[in-house]
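In what follows, a single structure is set out as structure tokens and then discussed.
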Amino acid sequence: MLTGKQKRFLRAEAHNLSPIFQVGKGGVNENMIKQISEALEVRELIKVSILQNCEQDKHEVASELSKGAKAELVQLIGHTIVLYKESRENKKIELPKARK
């Protein structure tokens, strides 16, 4: 689980990113989750936008994507989801240390 400090850090990191996936009319599917998992392995932090024609609730979409991709939901703002997952091979993002 991410701490508040780590989430703030990741939100700042994600600020300049553009969404690389869109969830539309079909909602969330296995193929999308697989692609998002692969993108997270490469980038660690991604944005997903939820299109107006998406019939699922945005909170459902965010939770399905984060569970399916085993990623942390950093933020859901408007129709944009920010997901983070530490990469095994391509670790780029150094999170602030959690205080004990």
* Do the side-chain N and O atoms of Q6 and E72 include a donor-acceptor pair separated by under 3.5 angstrom? -> no

* Compare all side-chain heavy atoms of T80 with those of I50 and state whether any distance is below 4.5 angstrom. => no

* Side-chain contact, heavy-atom cut-off 4.5 Å: T3 with R8? -> no

* **Close side-chain approach of E13 and F9, heavy atoms under 4.5 Å** => yes

* What's the shortest heavy-atom distance between G27 and M32, and which atoms? -> O-CE, 3.7 Å

* Asked: Does one hydrophobic cluster hold both L2 and L83, with members joined at side-chain heavy-atom distances below 4.5 Å?
  -> no

* To do: Kindly work out whether a path of hydrophobic side-chain contacts (I/L/V/M/F/W/Y, heavy atoms less than 4.5 Å apart) joins I81 to L45.
  => no

* **Neighbour count above 12 (heavy atom, 6.0 Å) for R11 CZ** => yes

* Taking 4.0 angstrom as the limit, do K25 and E55 come out as a salt bridge? -> yes

* I46 reachable from L76 in the ILVMFWY side-chain graph, under 4.5 Å edges -> yes

* Asked: Nearest heavy-atom pair of V61 and C54: which atoms, and what distance?
  -> CG2-SG, 4.1 Å

* To do: Return the minimal non-hydrogen interatomic distance between E44 and K91, and the atom names on each side.
  => OE2-CA, 3.6 Å

* Between K85, E86, Q35, K70, which is the residue that forms a side-chain contact (heavy atoms from CB on, under 4.5 Å) with L40? -> K85

* Can a salt bridge be assigned to the pair E38 and K34 using a cut-off of 4.0 Å between side-chain N and carboxylate O? -> yes

* Asked: Does N90 use its side chain to pair, donor to acceptor, with the backbone of E41 at less than 3.5 Å?
  -> yes

* With side chains defined as the heavy atoms from C-beta onward, is the minimum distance between V23 and S49 less than 4.5 Å? -> no

* Asked: Any chain of hydrophobic side-chain contacts (each under 4.5 Å) joining V82 to F21?
  -> no

* Tell me, yes or no, whether the heavy-atom count around I20 atom CD1, taken from other residues, nucleotides or ligands under 6.0 Å, exceeds 12. => yes

* Asked: Out of curiosity, does I77 fall in the hydrophobic cluster containing L73 (side-chain heavy atoms, cut-off under 4.5 Å, transitive links)?
  -> no

* Minimum heavy-atom distance between Q56 and V28, given as atom pair plus value -> OE1-N, 3.1 Å

